[in-house]
K.L.:
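A single structure is presented below for examination.
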Amino acid sequence: MVLSDEEIKKLREAGRIAKTVREEAVRKTKPGTKLLELAEYIEKRIEELGGKPAFPVNISINEEAAHYTPVIGDGKVIPENSVVKIDIGVHVDGYIADTATTVYFNPVHEGLVEASKKALEKVIDNLKPGIKANDIGKIVEETITSLGYKPIRNLSGHSIDRYMIHSGKSIPNYNEIFSRWRLVDGVYAIEPFATNGVGYVKEKNIITIYSIKKISRIRLTSKEKSFLQNIWNERKKLPFTERWYKKLFDNVESLRNTLTLMMKRGIIHGYPLLIEKSGGLVSQFEHTIIVSGREIIITTE
Ligand code: MN
Ligand code: MN
């Protein structure tokens, strides 16, 4: 997809905001920090800087790899000695930046964190338009394994489109020989995950993030219809959290019941929490890149 100058401008703006907020979030993340406060701070800063969240900020601790955002009234705090992934999405008029970093508080975890960080750096150093997705995976895998850790094989980078965080193509974190497609004009997120576990994630039945699957008004009350319409108008299929829609409901109970009902009816999708299969610790770094002709722009660096 060839991008216009106007589109590149918006993508760069989203990237600039995401980078700034990521750096501010790192400074705020300490043992004892409330996850809810951190999430609200991050999402408020995104808006103050002129963007909108492309998805609810993911704050994933230790063996959690992705898909946890604090819920209404969340009492969780950052634990001592933990490994914390902060994954931030920003959009400007639907043009998305997706970036993540890992914070740790005990030097014993330096190696694990360095492994995914180095993997991303090495990929960036070797990027060129037309690079094959599996060659990126190869670099990630070799870097992480050479440092004594494992990449997470069932998590991957992805292509990005307007209002679409995962637009269909995956960039593996290992040399997946069936992923020989080439990165040409378009937007992509590259996100190596490293672990001291077995190198796979599994789903846990905790859902805090949702997105619209299809607009269907069958058997919905007028209140539920306007909730759905509200999300669609603002976000299309971009993910959302219950935290953003508190005001539309009398109480949290009815909000959560509505979400459960809509999931059952196949109107919205719920993203289960992803944890490392063997309970291993997980680190992650992520940047968004634009490939435009012969040029590569890293928007979140
Ligand atoms: Mn991300
Ligand atoms: Mn991503």
Side-chain angles (χ1 to χ4, degrees), residues 11 14-23 25-26 29 35 38-39 42-43 45-46 51-61 64-70 83-92 94-103 113 116-117 119-120 123-124 127 133 136-137 140 151-174 176 179 183 186-195 201 208-211 235 237-241 269 271-275 282-291 297-301:
L11 287 161
R16 190 188 62 80
I17 296 167
K19 175 202 165 148
T20 304
V21 177
R22 184 191 67 222
E23 288 172 351
V26 167
T29 305
L35 267 59
L38 185 58
I42 289 167
E43 291 165 5
R45 288 295 293 142
I46 290 172
K52 294 204 169 86
F55 50 81
V57 60
N58 286 215
I59 307 173
S60 310
I61 294 165
E64 297 171 354
H67 298 171
Y68 187 80
T69 201
V83 176
V84 182
K85 281 75 62 187
I86 303 172
D87 195 331
I88 296 170
V90 173
H91 80 88
V92 171
Y95 295 92
I96 297 170
D98 183 3
T99 186
T101 191
T102 301
V103 184
V113 174
S116 54
K117 189 178 187 187
L120 182 56
V123 170
I124 301 277
L127 274 180
I136 292 177
V140 170
I152 295 187
R153 292 169 75 97
N154 56 347
L155 287 175
S156 58
H158 47 97
S159 57
I160 296 175
D161 270 342
R162 192 175 179 204
Y163 283 109
M164 239 202 236
I165 187 79
H166 285 239
S167 68
K169 285 178 173 164
S170 291
I171 302 170
N173 282 324
Y174 65 100
E176 155 65 272
S179 299
L183 278 74
V187 185
Y188 306 93
I190 299 169
E191 48 183 315
F193 287 82
T195 180
V201 289
T208 58
I209 299 167
Y210 310 84
S211 66
R235 312 193 52 76
K237 291 186 174 179
L238 288 177
F240 64 90
T241 158
H269 174 74
Y271 299 83
L273 174 63
L274 298 174
I275 60 167
V282 177
S283 70
Q284 173 205 16
F285 284 83
E286 178 176 25
H287 278 312
T288 296
I289 69 161
I290 303 171
V291 181
I297 303 159
I298 297 140
T299 68
T300 51
E301 194 175 41

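Just so we're clear, the structure is a prediction, and the values are computed from it rather than from any experiment. Indexing begins at 1, ligand by ligand and atom by atom, following the structure's order.
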K.L.:
Go through Phe285 and His287 one step at a time and tell me if the ring pair (Phe, Tyr, Trp, His ring centres under 6.0 Å) criterion holds.
P.N.:
CA-CA 7 Å; Phe285 284 83; His287 278 312; 8.5 Å; no

K.L.:
Between the side chain of Asp98 and the main-chain N/O of Gly89, is any donor-acceptor distance below 3.5 Å?
P.N.:
no

K.L.:
Please find the pair of heavy atoms, one from Glu191 and one from Asn173, that lie closest to each other, and give the distance.
P.N.:
O-ND2, 3.2 Å

K.L.:
Which residues pass the side chain to side chain donor-acceptor pair (under 3.5 Å) test with Thr241, not counting sequence neighbours?
P.N.:
none

K.L.:
If every non-hydrogen atom of Ile209 is compared with every non-hydrogen atom of Pro239, which pair is closest and at what distance?
P.N.:
CG2-CB, 3.7 Å

K.L.:
Nearest N/O/S atom of His158 with respect to the Mn ion (ligand 2), by atom name, please.
P.N.:
NE2

K.L.:
Side chains of Lys85 and Val282: closer than 4.5 Å at any heavy-atom pair?
P.N.:
yes

K.L.:
Quick one: give me the number of protein N/O/S atoms under 2.8 Å from the Mn ion (ligand 1).
P.N.:
4

